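The structure under discussion appears below in the form of structure tokens.
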4 protein chains.
Amino acid sequence: MTFPAPLTGVVPPVCTPLTPDREVDVPSLTRLIDHLVDAGVHGLFVLGSTSEVAYLTDAQRGLVVETTVAHVAGRLPVLAGTIDMTTPRVLDHAHTARAAGADAIVVTAPFYTRTHPAEIARHFRLVAARAGLPVFAYDLPDSVHSKLGPELVLELAADGVLAGLKDSSGDLGSFRTVVTGARTRPGVRGFTALTGSEVVVDAALALGADGVVPGLANVDPVGYVRLYELCAAGDWRRARAEQERLCELFGLVGVGDPARMGGSSSALGAFKAALHLRGVIDCPATAEPQVPLSPGEVERVGKYLASAGLL
Amino acid sequence: MTFPAPLTGVVPPVCTPLTPDREVDVPSLTRLIDHLVDAGVHGLFVLGSTSEVAYLTDAQRGLVVETTVAHVAGRLPVLAGTIDMTTPRVLDHAHTARAAGADAIVVTAPFYTRTHPAEIARHFRLVAARAGLPVFAYDLPDSVHSKLGPELVLELAADGVLAGLKDSSGDLGSFRTVVTGARTRPGVRGFTALTGSEVVVDAALALGADGVVPGLANVDPVGYVRLYELCAAGDWRRARAEQERLCELFGLVGVGDPARMGGSSSALGAFKAALHLRGVIDCPATAEPQVPLSPGEVERVGKYLASAGLL
Amino acid sequence: MTFPAPLTGVVPPVCTPLTPDREVDVPSLTRLIDHLVDAGVHGLFVLGSTSEVAYLTDAQRGLVVETTVAHVAGRLPVLAGTIDMTTPRVLDHAHTARAAGADAIVVTAPFYTRTHPAEIARHFRLVAARAGLPVFAYDLPDSVHSKLGPELVLELAADGVLAGLKDSSGDLGSFRTVVTGARTRPGVRGFTALTGSEVVVDAALALGADGVVPGLANVDPVGYVRLYELCAAGDWRRARAEQERLCELFGLVGVGDPARMGGSSSALGAFKAALHLRGVIDCPATAEPQVPLSPGEVERVGKYLASAGLL
Amino acid sequence: MTFPAPLTGVVPPVCTPLTPDREVDVPSLTRLIDHLVDAGVHGLFVLGSTSEVAYLTDAQRGLVVETTVAHVAGRLPVLAGTIDMTTPRVLDHAHTARAAGADAIVVTAPFYTRTHPAEIARHFRLVAARAGLPVFAYDLPDSVHSKLGPELVLELAADGVLAGLKDSSGDLGSFRTVVTGARTRPGVRGFTALTGSEVVVDAALALGADGVVPGLANVDPVGYVRLYELCAAGDWRRARAEQERLCELFGLVGVGDPARMGGSSSALGAFKAALHLRGVIDCPATAEPQVPLSPGEVERVGKYLASAGLL
């Protein structure tokens, strides 16, 4: 497909269903894709943080993107994360993504290594020159431990290096600088600005974001599509009410006991428990070394779903 | 070989020489290994931070460990880093290392993902249960963004999960707790405590460390072997003088202009420039997206070598 | 005056004009207050970060709040920051603020010391019990190095400990949780949620914030009052345009050369240079050890003002 | 007294005994001073982190330094911390310290504000020019959130700005650079390098430190004086054994339940509980909002003391 420029709408970061022995559960994955496509989402982002990309082996990553591209069959654009530490390793993943038919890749700054702004810029330039696919920058300081400054993003956009940004920094002011700059900066054309937030989607769209990549859209894709459409129609009052409903549902990410597990185990465990309870996937297992939710914690996920009318 | 318990002495983290087009330069790597073995080092650690492991593709990582194991041919123990984000990905690297004949693996806590102490413990337990090789914990908070507490290390040592620790945290007080605990804690036997410091090796050995893993030993392995032997002989006065000489040489890691590059580009670039100037490797290139040293910066590396009598 | 609950509107954090020898310039301060009051602002916040509170001696802090309270003479509520490391020191500042006639105090979590959630809660409870004035929590992780979680804020609000929140965390999602919770949580009444952002004021008001505390309102109070009124009227389209105009003006905080000074020297220097260029204050000096703007940097501030029609 | 250059030996950071209603307990403070002086310590450091300086009001700070100077009566040098956010506030504390007769002040980099290396240097230069007392830099990144680089310290030492360094950074490699540089850098004379560590005192002295400032010396000053003397005599074997004994005693800082309190509440609470159990001070209260130790936690402090032969 011709990649839309900009890409707009709801682009869920797709969970990766696993079997009890932690292999990719292909039938569940295709059911999850149907669940999202049927809800009217506008694109799919596989191999992001919500997909547990950091936990998937290279073989599993390849299987996920191949399965998704094949099942989507061109109906929607498919973006694939190529999350790794540095340029050469990212390029290996980019090669896999391209061979599998992904439409774009999503790339973080280098991590694990100590990074410098000049090295970050060089990284994106080298990846874009060699990947053979449009490149989205993925700004995720909680994981990457550096922030992509809006000036760098706009400079790379103007130079044709970046096709878009997926902003999971939580810093809406900085995101606004990119959004506004993408409209006004000479040389920037068709740039896509996506927010990774679940809870200020209305605000991000109001200030000009093109689309949204909320992990919670795995659980309630219909809700996020509705929210997107209300914003697109300028009905901010009803958009705010829908957003507040989704904020309440989002509370499910906190069901895991912080004395027993980290935020990732809790949030990804809750998303998968919800998909399991809703009958979309067969098994709620998360990858190792994440800690599973207890039965009581899963029960609390169910209550969130019930409150939201999703059970 | 039977893996020594504890492993003692100088165990350099081996640089990975690259060709101008950033492939592993196998002849240079074997010359570098000879340079280290001939100096009398007691083991080799490949695929650590100094080896640019974060920049090497899986194929390159495999080639490095195979080349090293084959060339060393059992004369010394070979430890291999399996640096990756989570358990399943680390296990893939562990499989490669074991197949290539490495004697032990060196494993960090999970990174990129948000981690919790329970998840970190679970990670080491799962890796140790499945890797088929002794496991060294690699404590490197600058890269991993969490610190391995001494209590966790000792608990995992007592349970037979960890064979050793490579401490690059810079926190000598915490390291001392491990060193002393490894001697006194019931159930801990043959545990190896290695410091990654270049500049307080005498202090670490004085408080009971088993060995040292200094990146600078690529450049001056004879100096670190001499330092180790002086410490082993209890000649602390001459050890301090040798250490101070090496501290001065270590200044070469700062030759890179901080306005133009990060600390990794500067330090690894300087190590490789020094090895090139000393005639050990053919090409001083570092992996991308690191920024190369300028000719003037390389010249300053040469001055450090000359001052240290290494040219 | 009876303190409004909630307090709504624009509440600028008032700059502290200094003489060339770094004493509080009282005539300039009263002119600045007039400049703000005449623009229609709804309250004043003295002794916040924008006021250089961290740089003012206790005597200077006392003079600022006394001068302000006397000059305002009950026309508007005056909030006073009591920024210090721990409970006993904050209470000393609270005593001064109360004696001078301030209407409320603004209090951060403890800093410099290592803090624990239980200690942070205890701090706010002790301050509220003893200060004799309504307490606003000041969430400023860049300075305080801990984040006030929305759950803690709402719990303290429900217990009558906190009268409001001034959120300068940049995390709009977390702020929304407080805003929504203040409306729905049993026991919370008249709670004031203020954002410290300059650049997402429209978004914060759209999701339910009561008011805004933008440092840039020193420079363009008329703009922020206009923005507030457009939001209050639900005219989001024109609000966005006004906000984008203010975002562009906000670029002036970056005039200072990052090789020569930090962000505080640049931003506070630019605010004061702008107030000086606009004829509001006599001297643009910032407190020590901040680095002064160069003449060329001041000239760039002037260009920002000219573009915004403020010269 | 003429301030020694360098100052050598054991310089305990003196705890500040409080009454049950959190006023400075002057009789207990003088008994604590006697306890330290009688043990043979070589200087006293009041108003440091161990003194709970961050929790003391200005009046209490003044009382502490006056009481100490009067009671010591010139027998030992007295250093006073002037811990505050910026230059003007530090100078106010310096004025108090000088008026009270302190021999030197101990000054951190600015905190709470965003800092820049140029601003940090300017801060120390301004304080030194105006304080009228020798200035020690206090490197405490856990509290100050910036690290004093060895280059900056040595530059300020060479310019006569700094008389010494109190290093509580935990980074022995960086400390060594200062220690060695203070011996070899042209223009540096009589500079004092003190480590704040409790647990690597032998190592710090072995590499050339002049003295030590261990908080635990409040509890066991005789032990630290003995350790210092063994190191001064070059008896490294017995020094290591004494250091390991003190490391074990240092475990008492961890008695507080981390679910209920922070590290400061636990460590300072344990020091004071120990001093109370040893009969040196009347009341173990710590300042607010720190959380008190439970009776069971105090009992564990007692066990540490008993094991160390201190009860």
Side-chain angles (χ1 to χ4, degrees), chain C residues 22-23 49 52-61 83-93 95 108-127 130 140 142-146 256-268 287-291, chain D residues 22-23 49 52-61 83-93 95 108-127 130 140 142-146 256-268 287-291:
Chain C
R22 267 74 178 189
E23 290 304 327
S49 298
E52 296 175 270
V53 64
Y55 301 87
L56 301 179
T57 64
D58 285 2
Q60 292 174 326
R61 291 183 180 200
I83 308 309
D84 219 315
M85 297 169 240
T86 59
T87 315
R89 296 185 63 81
V90 166
L91 283 170
D92 267 11
H93 298 298
H95 181 81
T108 70
F111 55 91
Y112 184 86
T113 66
R114 288 174 289 171
T115 51
H116 183 277
E119 292 157 358
I120 294 174
R122 195 160 184 245
H123 173 68
F124 283 112
R125 289 181 187 280
L126 289 166
V127 169
R130 298 180 194 164
L140 185 64
D142 280 353
S143 291
V144 174
H145 298 282
S146 66
D257 176 3
R260 211 163 49 81
M261 70 183 71
S264 170
S265 294
S266 177
L268 299 180
E288 287 165 339
Q290 291 174 97
V291 173
Chain D
R22 267 74 178 189
E23 290 304 327
S49 298
E52 295 174 271
V53 65
Y55 301 86
L56 301 180
T57 63
D58 285 2
Q60 292 174 325
R61 291 183 181 201
I83 309 308
D84 219 314
M85 297 170 240
T86 58
T87 315
R89 295 184 64 81
V90 166
L91 284 170
D92 267 10
H93 298 297
H95 181 81
T108 70
F111 56 90
Y112 184 86
T113 67
R114 288 173 290 170
T115 51
H116 183 278
E119 293 157 359
I120 294 173
R122 196 161 185 244
H123 172 68
F124 283 111
R125 291 181 186 280
L126 289 166
V127 169
R130 297 179 194 165
L140 185 64
D142 281 353
S143 291
V144 174
H145 299 282
S146 65
D257 177 2
R260 211 163 48 82
M261 70 182 73
S264 170
S265 293
S266 178
L268 298 180
E288 287 165 340
Q290 291 174 97
V291 173

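From a predicted model like this one, the values you see are computed outputs, not experimental measurements. Below, chains carry the letters A, B, ... as their sequence lines are ordered, and counting in each starts from 1.
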Point to revise | Part of C/Ala259 lying under 4.5 Å from any heavy atom of chain D | key: backbone
Check your understanding: Measuring heavy-atom distances to chain D, does C/Thr108 have an atom under 4.5 Å in its side chain, in its backbone, in both, or in neither?
Key -> side chain
Revision key, fill the gap. Whatever's closer than 4.5 Å to a heavy atom in chain C on D/Leu140 counts as side chain
Check your understanding: So what's closer than 4.5 Å to chain C heavy atoms on D/Pro88: side chain, backbone, both or neither?
Key -> both
Practice item. Identify the two heavy atoms, one from D/Asp58 and one from C/Asp92, that lie closest to each other, and give their separation to 0.1 Å. Key: N-OD2, 4.4 Å
Study note, to complete from the structure: Ranked by heavy-atom pairs below 4.5 Å to chain D, first place among C/Gly262, C/Ser143, C/Ser265 goes to C/Ser143
Review point. D/Arg89 side chain to C/Leu56 main-chain N or O, any donor-acceptor pair under 3.5 Å?
Key: yes
Practice item. May I have the step-by-step check of side-chain contact (heavy atoms from CB on, under 4.5 Å) for D/Glu52 and C/Thr113, ending in yes or no? Key: CA-CA 9 Å; D/Glu52 295 174 271; C/Thr113 66; over 6 Å; no
Study note, to complete from the structure: In terms of heavy-atom pairs under 4.5 Å with chain D, the winner among C/Thr115, C/Asp84, C/Val144 is C/Asp84
Point to revise | D/Glu119, part contacting chain C, at a heavy-atom distance under 4.5 Å | key: both
Revision key, fill the gap. Residues C/Tyr112 and D/Ala54: closest non-hydrogen pair is CD2-CB, 3.8 Å
Revision key, fill the gap. Per-residue tally against chain D (heavy atom, under 4.5 Å) across C/Gly263, C/Ala118, C/Ala287 peaks at C/Gly263
Practice item. Take the angle between the ring planes of D/His145 and C/His145 and call it parallel below 30°, perpendicular above 60°, tilted in between. Key: parallel
Check your understanding: For the candidates D/Arg22, D/Gln60, D/Gln290, which exhibits the highest count of non-hydrogen atom pairs separated by less than 4.5 Å from chain C?
Key -> D/Gln290
**Study point:** Identified side chain to side chain contact (heavy atoms under 4.5 Å, CB included) counterpart of C/Pro289 within the set D/Arg122, D/His116, D/Arg125
**Key:** D/Arg122
Practice item. Check whether C/Pro117 gets within reach of chain D through its side chain, its backbone, both or neither, counting any heavy atom under 4.5 Å. Key: neither
